[in-house]
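What follows is a single structure, written as structure tokens, with notes after it.
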Protein chains: 2
Amino acid sequence: MTDSTHNPSDYPPFWVTVDLVVFSIINKSLRILLIQRDQTPFLGKWALPGGFVLPHENLEQAARRELAEETSIGKEVGHLEQLGTYGEPDRDPRQRVVTVAYWGIAHDLPEPQGGGDARYAEHVPVAEIASGNIRLAFDHNKILTDAIKRLHHKISYTPLATRFCANEFTISELRSAYDTIWQDTSQFTENQTVAQEPFEKPQLSLAAPQSAPPGKLDFPIHAFKQSDLKLVDQPKELTYTKLDSGNFQRSVLQVVDFLKDTGKKSSPSKSGGRPATLYQRGDLTELNPPIHPKNPKPKK
Amino acid sequence: MTDSTHNPSDYPPFWVTVDLVVFSIINKSLRILLIQRDQTPFLGKWALPGGFVLPHENLEQAARRELAEETSIGKEVGHLEQLGTYGEPDRDPRQRVVTVAYWGIAHDLPEPQGGGDARYAEHVPVAEIASGNIRLAFDHNKILTDAIKRLHHKISYTPLATRFCANEFTISELRSAYDTIWQDTSQFTENQTVAQEPFEKPQLSLAAPQSAPPGKLDFPIHAFKQSDLKLVDQPKELTYTKLDSGNFQRSVLQVVDFLKDTGKKSSPSKSGGRPATLYQRGDLTELNPPIHPKNPKPKK
DNA sequence: AAAATAGTGTCTTTTAGACAATATGCG
DNA sequence: CGCATATTGTCTAAAAGACACTATTTT
């Protein structure tokens, strides 16, 4: 903390910002909240929400405030933690900026509205990031990749996957969250060589730009309407095998304080099926033993 | 990253610093590198090494430079990674400072010299921190506690414990590193209520201040001479059961790329014993399956 | 030989996983 | 009923753990 030979006031000041990676699961795909920049530099580019830390707020307060200001998302964020700090000298062309990245999980999000409110169109599937279709402003691709790895890793030894679910949820819904996350993040942990150079990704890259309105934006904000995204949702990677429902049921119920039985039952969906017990998140903070994805981690 | 309503130049600048938590194992106790401040604020207090980030270096470079400047430790640091960033508005009385904390592991350190070179006396056992005997400057107690938790957690699923060993080491030495770390960090992960208010710790708190030289320093830098520390090294907590040597041997050798056989054998110590095979660190980055401490994590 | 440490064998208990069987809703 | 999903049962394979035994050195 001290420097014995220099006076601190000799040093040019830094700008300190926060950026947020907010995950959610919509339509059985893992998504990330992105905004489109309305300022230079990187005007019109996709970027993580974030902004400057104010003089009298701490870092997490700054993160929550910026998120609310830019995306109107507030209490839907059920978990928020620091990811890391990014401070390469040239990461911002204007001056020296250090950004503290946070990552969080949002739940209870409404589905994308289609043409109506553009805000809802900003939950971008991680598959799009992985494919290299989307280049973010600054070093946000790096931040995003780190956040995805952290998420992938952390849901196995914490109960954080429950944060993707509503307040009351069934074990099937929880299992589906695990499947979705491990499915959509598997390529980020298997080989490190992902999303560096864009390779062909027909569905979205063909459809979206064509319907884009002209203007300064090089990637239309409506590209991720519900209808377009369906195309991306279908073809999943084959590297991940879904969890066994019976074994999953046992393994989560055996962990004390992981789930709390509400006594209530869900009503089965339109397609029928037995009603499932509704649970709430318990007080557990660390999952022991952890839950592991199946194929991505073969034992030897 | 952007703020649509304010001009960034409106904001007062921040100072950005780095701080380091450098672990090592000396004399079978887990230790942390501390310095004594020679500047206000907190003049004479124990603190983590660290200092200001210079305009054209990145954060990790700043961390390594400050460590070398303040402690002469350079390539002995075999691992260095970011821990987190601490930026409460009031954490520095002078002005708004955000510090990026790093943690690392040093090996091949010589034993404390006794009265000779005071530098070597700065490897402070974590037991001293846990006991509450030592109050660090700024929010460094918080940083330290976070680093200890991270270390405890991370050696179970990474090969980082090998970083505490020399280039070539025996399986017993590696096992001893695990035992020492889990022994000395167990209280930080079991109950969260540690090291908040000092409680009585006779040996050091009585002995050290009496032999302190007079002056501005309120805690003598020679308090942790070898002779004093022995008293602290003996009484270990009973909450941790050491690993079984046979089972440990099997489990580490079964993980491919964890250890590389050098073909060499160690010479047994003065007390005799069969010579052990010498290994080097392999290329593995993630330990699967992980190695778990025994008592601290009973399965249910 | 005795002590000390390295390394192997073996047995028991626990856990993980595949997959069958049953339960309970819906149209 | 027949379908769909939830939940429980059962069997098997793999892993973890306790602990005895063998191997190789020093004194």
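From a predicted model like this one, the values you see are computed outputs, not experimental measurements. A note on names: the letters A, B, ... follow the listed sequences, proteins ahead of strands, and every chain is numbered from 1.
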Euclidean distance, atom [atom1] of residue [X] to atom [atom2] of [N] [Å, nearest integer]:
X: A:Asp244; N: C:dT15; atom1: CG; atom2: C1'; result: 15 Å
X: B:Gln249; N: C:dA6; atom1: CD; atom2: C1'; result: 7 Å
X: A:Asn247; N: D:dA14; atom1: CG; atom2: C1'; result: 14 Å
X: A:Lys264; N: C:dT24; atom1: NZ; atom2: P; result: 21 Å
X: A:His292; N: C:dA16; atom1: NE2; atom2: P; result: 10 Å
X: A:Lys242; N: C:dC19; atom1: NZ; atom2: P; result: 17 Å
X: B:Leu287; N: D:dA15; atom1: CG; atom2: C1'; result: 15 Å
X: B:Ile291; N: D:dA16; atom1: CD1; atom2: P; result: 10 Å

Going by the rule salt bridge (Lys or Arg N to Asp or Glu O under 4.0 Å), which residues pair with B:Lys264 if we only count those two or more places apart in sequence or in a different chain?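 Listed in chain order: B:Glu168.
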
Got a sec, which residues hit salt bridge (Lys or Arg N to Asp or Glu O under 4.0 Å) with A:Asp146, two or more places apart in sequence or on another chain? A:Lys142

Heavy-atom check, side chain of A:Tyr178 versus side chain of A:Leu243, under 4.5 Å: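 Side-chain contact under 4.5 Å: yes.
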
Touch check for B:Thr277, heavy atoms < 4.0 angstrom, all strands: base, sugar-phosphate only, or nothing?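 Sugar-phosphate, no base atom in range.
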
Taking for each residue the nucleotide of DNA chain D with the nearest heavy atom, is it B:Lys270 or A:Ile171 whose nucleotide lies nearer the 5' end?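 Nearest-nucleotide comparison on DNA chain D picks A:Ile171.
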
Using the test side-chain contact (heavy atoms from CB on, under 4.5 Å), find all partners of B:Arg163 that sit at least two apart in sequence or belong to another chain.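 By the side-chain contact (heavy atoms from CB on, under 4.5 Å) rule, B:Arg163 matches B:His79, B:Ile105, B:Leu160, B:Arg281.
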
Where do N or O atoms of nucleotides 1-5 of chain C meet protein N or O atoms at under 3.5 Å, pair by pair?
{"residue": "C:dA4", "atom": "O4'", "partner": "B:Ser271", "partner atom": "O", "Å": "3.4"}
{"residue": "C:dA4", "atom": "N3", "partner": "B:Gly273", "partner atom": "N", "Å": "3.4"}
{"residue": "C:dT5", "atom": "OP1", "partner": "B:Ser271", "partner atom": "OG", "Å": "3.4"}
{"residue": "C:dT5", "atom": "O2", "partner": "B:Arg274", "partner atom": "N", "Å": "3.0"}

List, one per line, each side-chain donor-acceptor pair under 3.5 Å for residues 272-279 of chain B, sequence neighbours excluded.
{"residue": "B:Thr277", "atom": "OG1", "partner": "B:Lys265", "partner atom": "NZ", "Å": "3.1"}

Would the base of C:dG9 count as contacting B:Arg250 through its side chain, where contact means a donor and an acceptor less than 3.5 Å apart?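 Present.
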
Pairs flagged by salt bridge (charged side-chain N to carboxylate O under 4.0 Å, His left out) wherever residues 239-257 of chain A is involved - sequence neighbours left out: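 Checked against salt bridge (charged side-chain N to carboxylate O under 4.0 Å, His left out) - neighbours excluded - no pair reaches residues 239-257 of chain A.
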
Does the plane of the ring in A:His152 sit parallel, tilted or perpendicular to the ring in A:Trp182? Use 30° and 60° as the thresholds.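 A:His152 and A:Trp182: perpendicular rings.
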
